[in-house]
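Taking it in order: structure first as structure tokens, then the write-up.
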Amino acid sequence: MKAANVDWNMWLGPAPWRPYNKDYVAGNWRGQWDFDSGARLLDWGAHTMDLCQMANQADDTMPIEYKPTPKGIDCRYANGLLLEIDFLKDPFGERPGWIQSNGTCPVRFIGEKGWVETGDGGEVHLALDGKATEVKSDGKPARGVDVVNHLRNFFDCVKTRKPTAANSTVMRRSHIACHAAALSWILQRPLKLDPTTESFINDDEANRLKSRPQRTDWV
């Protein structure tokens, strides 16, 4: 994309000023500290975190403990449930251990007798006692990337005055959880978060990283 077609000042927003770079606009802003969390968790991470929050009935809270591991980040809720974030070399390529047809945001829910895996591709896969089990459905899979479903939910909520499924409060908490996980990885130490005050417990350095210096002349 040519610079003449981009309001570069507005594209950067409050991020530090830098010369125009078409690669950033083309999507290579991912993984850059000025535009992302530094661990790419605010890109695809928020989508998968949202699914985990919903499954744990935790839309009104978030994990309270975050711990970096050799392969990712462990996030634990107050009820003891463990959410494991796996890092992949190429999120858009092969994903060892994951079912490729599940789309770009796969999640797996593991219980005592087996696991269920799904994603934005709309498919559901099930294994009981280590054996794959067929999941039968009367209709087509509901693809998370299908904008029609999001529009239908929005129009229904306009009529009922109820909040949408992925409303601002739900997504805000998912993003904060991703921020906390990313900071745990960047600092390479466990962090404890108070979901009420949205601040880290007894960790001034982590709390300082909750915000960044912003340009004031971009508006």
(message) Salt bridge check, Arg208 against Asp204: does any charged N sit closer than 4.0 Å to a carboxylate O?
(response) no
(request) Please say which of Leu193, Asp194, Leu187, Leu209 ends up in a side-chain contact (heavy atoms from CB on, under 4.5 Å) with Phe200. (result) Leu193
(request) Heavy atoms only: give me the nearest Cys178-Met49 pair and the separation to one decimal. (result) SG-CB, 3.9 Å
(message) Please enumerate all residues that pass salt bridge (charged side-chain N to carboxylate O under 4.0 Å, His left out) together with Arg189, with sequence neighbours excluded.
(response) Asp203, Glu205
(message) Going by the rule side chain to side chain contact (heavy atoms under 4.5 Å, CB included), which residues pair with Gln188 if we only count those two or more places apart in sequence or in a different chain?
(response) Pro68, Trp185
(message) Which residues pass the side chain to side chain contact (heavy atoms under 4.5 Å, CB included) test with Asn153, not counting sequence neighbours?
(response) Cys157, Thr164, Ala165
(message) Could you see if Leu83 belongs to whatever hydrophobic cluster contains Phe87? Use Ile, Leu, Val, Met, Phe, Trp, Tyr and a side-chain cutoff under 4.5 Å.
(response) yes
(request) Of all the heavy-atom pairs spanning Leu191 and Ala206, show the shortest one and how long it is. (result) CD2-CB, 3.9 Å
(request) Tell me, yes or no, whether the heavy-atom count around Phe154 atom CZ, taken from other residues, nucleotides or ligands under 6.0 Å, exceeds 12. (result) no
(message) If we ignore hydrogens and angles and just use 3.5 Å, is the side chain of His179 paired with the main-chain N or O of His175 as donor and acceptor?
(response) no
(message) If the test is ring-ring contact (aromatic ring centres under 6.0 Å, His included), which one of Trp218, Phe35, Tyr20 qualifies with Trp11?
(response) Phe35
(request) Using atom types as modelled and distance alone, determine if a side-chain donor or acceptor of Trp8 lies under 3.5 Å from a backbone N or O of Arg18. (result) yes
(message) Ignoring hydrogens, what is the shortest heavy-atom contact between Phe109 and Ala55? Give both atom names and the distance.
(response) CE2-CB, 3.3 Å
(message) Under 4.5 Å between side-chain heavy atoms, counting indirect links through other Ile/Leu/Val/Met/Phe/Trp/Tyr residues: same cluster for Leu81 and Ile85 or not?
(response) yes
(request) Report the distance from atom CD of Gln57 to atom CG of Asn79, rounding to the nearest 0.5 Å. (result) 9.5 Å
(message) Just to verify, what does Asp217 make a salt bridge (charged side-chain N to carboxylate O under 4.0 Å, His left out) with, not counting sequence neighbours?
(response) Arg215
(message) To the closest 0.5 Å, what do you measure between CG (Asn207) and CD1 (Ile201)?
(response) 9.5 Å
(message) Can you list everything that forms a salt bridge (charged side-chain N to carboxylate O under 4.0 Å, His left out) with Glu198? Sequence neighbours excluded, please.
(response) Arg172
(request) Looking only at non-hydrogen atoms, find the nearest pair between Lys71 and Asp86 and report the distance. (result) CE-OD1, 3.7 Å
May I have the list of side-chain donor-acceptor pairs in residues 59-67 shorter than 3.5 Å, sequence neighbours left out?
unit_1: Tyr66; atom_1: OH; unit_2: Pro63; atom_2: O; d: 2.8

(message) For Lys162, I'd like to know if atom NZ has over 12 heavy atoms of other residues, nucleotides or ligands within 6.0 Å.
(response) no
(message) Could you see if Val6 belongs to whatever hydrophobic cluster contains Trp29? Use Ile, Leu, Val, Met, Phe, Trp, Tyr and a side-chain cutoff under 4.5 Å.
(response) yes
(request) Might you point out which heavy atoms bring Gln53 and Ser174 nearest each other, and give the distance in Å? (result) CG-OG, 3.9 Å
(message) Quick check for you: to the nearest 0.5 Å, what is the distance between Trp115 atom CH2 and Leu126 atom CG?
(response) 7.5 Å
(message) Measuring from atom OG1 of Thr118 to atom NE2 of His125, what distance do you get when rounded to the nearest 0.5 angstrom?
(response) 7.5 Å
(request) State plainly whether one hydrophobic cluster holds both Val170 and Ile176, where clusters connect Ile, Leu, Val, Met, Phe, Trp and Tyr through side-chain heavy atoms under 4.5 angstrom apart. (result) no
(request) Report whether Met171 and Val147 are members of the same hydrophobic cluster (ILVMFWY, side-chain heavy atoms less than 4.5 Å apart, transitive linking). (result) no
(message) Once rounded to the nearest 0.5 Å, what's the spacing between atom CZ of Arg173 and atom OG of Ser168?
(response) 9.5 Å
